[in-house]
Amino acid sequence: MLRDSTELKGHALALGFELVGVCAADTAPHLEFYEGWLDRGFHGSMEYLRRHLPLKASPEGLLAGAKSIVAVGLNYRQPDPAREGYPRIASYALGRDYHKVLRSKLNGLGRWIQQVYPGSQYRACVDSAPVFERDYAHLAGLGWFGKNSCLIDSKRGSWFFIGVLLTTVEFQADEPAVGGCGSCRLCIDACPTGAIVFVDGRWQVDSRQCISYLTIEHRGSIEPELAAQMGDWTFGCDVCQDVCPFNQVRESQPLRAVPTTEPDFLRARDWPTLLELAKIGQDKWDELSSGSPIRRTGIDGIRRNAQINIENGTGSAEFNPHKCHGF
């Protein structure tokens with residue numbers, strides 16, 4: 001039985017989400033493209049992405065009897081001007097780990113559905129789960145794919161996290177979002193490493209060249225040429241979003257790039273200097289990274305990244321015992 005989603009959306013907004021939509025729990029339309037992306041090696045060393053492919057093929061693999069997917073968006077944008085000698089961190093990682101924040105709110109939405117529809121089941125997923133969250137968010141009307149592969153909402157831009165809730169309740173589906181970049185290529189030209197490439201008739205990201213991948217997912221040394229192009233980025237990179245016209249405030253679009261109001265995201269940490277990070281000890285690292293997305297890179301990764309920043313001239317060269325980009 002098809003259910004109206006009006007009350008569902010109202011409850012999602014009351015939980016703090018800014019965007020919410022619904023789509024059917026069907027096979028993701030980008031599955032075949034994604035397989036090709038993996039075959040080209042664009043995932044770099046993230047072999048778990050290939051291992052998760054069977055689960056990603058169908059929402060049924062994550063929740064038996066799934067009928068609908070509720071997609072939500074939560075703004076994370078906050079200003080964080082670069083400071084000489086200090087780490088530069090992507091906006092999404094400044095506060096509390098977004099996985100915890102979104103999953104908590106999604107579970108709250110799932111419990112509400114179960115109260116309204118007894119016997120129903122749900123599963124909350126953020127990007128760590130094997131699900132095509134951007135595909136489903138697009139189908140649910142939250143945004144369309146930009147050339148930088150980010151999901152862009154014409155009214156709000158791309159500074160938002162995506163979460164999805166699989167449910168066995170069949171809700172009325174929304175229309176997919178419509179939009180496009182046109183002839184704009186600002187993100188392509190601005191990318192320091194040229195990671196946004198045109199292959200097989202579409203723009204896509206080669207993770208092996210992406211600063212976010214290099215500073216977070218890549219283990220071991222970084223090629224000197226790529227390391228030099230990392231500039232002052234210590235964890236992640238916001239360049240392709242910073243230059244996007246849909247992230248520029250306009251009088252006619254007041255919601256673009258507005259600062260987040262989510263308290264957990266605004267609890268920014270007081271990170272030490274690059275010199276201190278380059279030689280940080282395990283106890284201090286555990287204290288600093290607890291509950292933060294930055295923990296993902298690991299202590300060796302943060303030391304490596306900080307040392308690269310120093311060598312790139314964004315800090316002092318005082319600490320440089322090995323002069324290398326490895327561990």
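Note that these values count all heavy atoms, side chains included, but never hydrogens, waters or copies made by symmetry. Numbering starts at 1 and runs along the sequence shown. The structure presented is a predicted model; accordingly, all values stated were derived computationally and were not measured.
The one candidate from K56, R50, H43 that meets the side-chain hydrogen bond (donor to acceptor under 3.5 Å, both in side chains) condition with Y34 is K56. Under the side chain to side chain contact (heavy atoms under 4.5 Å, CB included) test applied with C125, the options L106, L102, V164 reduce to a single match, V164. Checked against W159 for a side chain to side chain contact (heavy atoms under 4.5 Å, CB included), the options Y92, Y76, F246 give a single hit: Y76.
Put simply, OG on S128 and OH on Y98 are 7.5 Å apart, with the number rounded to the nearest 0.5 Å. Remark: R3 CZ to E170 CD distance equals 10.0 Å, nearest 0.5 Å. Annotation: the span from R77 atom CZ to T260 atom OG1 amounts to 11.5 Å, rounded to 0.5 Å. One finds the CD atom of E60 at 9.5 Å from the CG atom of L166 (value rounded to the nearest 0.5 Å). Of the inter-residue distances, the one linking I113 atom CD1 with Y122 atom OH reads 9.0 Å to the nearest 0.5 angstrom. To the nearest 0.5 Å, atoms CD (E311) and CD (Q307) are separated by 4.5 Å.
Other residues, nucleotides and ligands place more than 12 heavy atoms under 6.0 Å from the CD atom of Q282. Counting heavy-atom neighbours within 6.0 Å of E47 CD, excluding the residue itself, gives a total above 12. Heavy atoms of other residues, nucleotides or ligands lying less than 6.0 angstrom from CD of E7 number 12 at most.
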Task: Residue pair L288, I280: steps toward the side-chain contact (heavy atoms from CB on, under 4.5 Å) verdict - done: CA-CA 10 Å; L288 278 172; I280 193 168; 3.6 Å; yes

Open item on the list: Before you tell me yes or no, could you show the steps for I162 and D127 under side-chain contact (heavy atoms from CB on, under 4.5 Å), namely the whole-Å CA-CA distance, both residues' side-chain angles and the distance that decides it to 0.1 Å?
Closed with: CA-CA 8 Å; I162 297 170; D127 61 7; over 6 Å; no

Open item on the list: Run V20 and L13 through side-chain contact (heavy atoms from CB on, under 4.5 Å) and show every step you take.
Closed with: CA-CA 7 Å; V20 58; L13 295 174; 4.2 Å; yes

Open item on the list: R304 vs H218, test: side-chain contact (heavy atoms from CB on, under 4.5 Å). Steps then yes/no.
Closed with: CA-CA 11 Å; R304 174 200 63 195; H218 181 72; 3.9 Å; yes

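In this model, a donor atom of one side chain and an acceptor atom of the other lie less than 3.5 Å apart for R40 and Q204. A donor-acceptor pair shorter than 3.5 Å cannot be found between the side chains of W233 and S212. No hydrogens or angles considered: nothing links the side chains of S91 and D80 as a donor-acceptor pair under 3.5 Å. A donor-acceptor contact under 3.5 angstrom links the side chains of Q241 and S158, judged on distance only. A side-chain donor from one of T234 and N309 sits under 3.5 Å from a side-chain acceptor of the other.
Taking hydrophobic clusters as Ile, Leu, Val, Met, Phe, Trp and Tyr residues chained together by side-chain heavy-atom distances below 4.5 Å, F161 does not share a cluster with L142. Put simply, L94 and I302 are part of the same group of oily side chains (I, L, V, M, F, W, Y) that touch within less than 4.5 Å, one to the next. The hydrophobic clustering, which links ILVMFWY residues whose side-chain heavy atoms are closer than 4.5 Å, places L274 and I294 apart. Tracing side-chain contacts under 4.5 Å through hydrophobic residues (I, L, V, M, F, W, Y), one reaches V116 starting from L15; they form part of the same cluster. No chain of hydrophobic side-chain contacts below 4.5 Å, direct or via other Ile, Leu, Val, Met, Phe, Trp or Tyr residues, connects L186 to I196.
In terms of modelled atom types and a separation under 3.5 Å, the side chain of Q253 and the main chain of R250 share no donor-acceptor contact. In this structure a side-chain-to-backbone donor-acceptor pair under 3.5 Å is missing from Q78 to P259. A donor-acceptor pair is defined here as one N or O able to donate and one able to accept, closer than 3.5 Å; such a pair exists between the side chain of S68 and the backbone of F171. With hydrogens and angles ignored, the 3.5 Å screen pairs no side-chain donor or acceptor of T168 with any backbone N or O of G65. Not a single donor-acceptor pair under 3.5 Å links the side chain of R156 to the backbone N or O of G143. No donor-acceptor distance shorter than 3.5 angstrom exists from the side chain of R96 to the backbone of A93, with no hydrogens or angles considered. The backbone N or O of G182 sits less than 3.5 Å from a side-chain atom of K147, completing a donor-acceptor pair. Remark: the backbone N or O of G163 is not paired with any side-chain donor or acceptor of Y136 at under 3.5 angstrom.
Contact check for T193 versus C237: no side-chain heavy atoms found under the 4.5 Å cut-off. Counting heavy atoms from C-beta on, the side chains of H138 and L151 come closer than 4.5 Å. Side-chain contact between E217 and S207 is absent, with no heavy-atom pair separated by less than 4.5 Å. Residues L74 and F160 have side chains not in contact (no heavy-atom distance under 4.5 Å, counting atoms from C-beta outward). Using a 4.5 Å heavy-atom cutoff, the side chains of D206 and Y213 are not in contact. L19 is not listed as a side-chain neighbour of N75, based on a closest heavy-atom distance of 4.5 Å or more. Proximity of Q229 to I211: side-chain heavy atoms (C-beta onward) are nowhere separated by under 4.5 Å. Between V22 and Q172, the closest side-chain pair of non-hydrogen atoms is not below 4.5 Å.
When every heavy atom of A28 is checked against every heavy atom of D135, the shortest pair comes out as CB-OD2, 3.3 Å. Pairing each heavy atom of A140 with each of D174, the nearest pair is O-CB, 3.5 Å. Closest heavy-atom contact between T297 and W285: CG2-CH2, 4.1 Å. C23 approaches A173 most closely through the heavy-atom pair CA-CB, 4.1 Å. Residues L62 and V131 share a closest heavy-atom pair of CD1-CB, 3.8 Å. Across every non-hydrogen atom of I222 and A227, the tightest pair is CG2-N, 3.8 Å.
Between F33 and F132, the ring centre distance reaches or exceeds 6.0 Å. Separation of the F235 and W271 ring centroids does not fall under the 6.0 Å cut-off.
Ionic pairing of D286 and R295 is present here: one or more N-O contacts between side-chain nitrogen and carboxylate oxygen are shorter than 4.0 angstrom. Between D4 and K9, none of the side-chain N atoms (NZ, or NE/NH1/NH2) sits under 4.0 Å from a carboxylate O, so this pair counts as no salt bridge. K100 has no carboxylate O lying under 4.0 Å from a charged side-chain N of D264, or vice versa, which leaves the two without a salt bridge.
Considering only residues two or more places apart in sequence or on other chains, E262 meets the salt bridge (charged side-chain N to carboxylate O under 4.0 Å, His left out) condition with K105. Applying the salt bridge (charged side-chain N to carboxylate O under 4.0 Å, His left out) rule to D189 yields the partners R185; only residues at least two apart in sequence or on another chain are considered.
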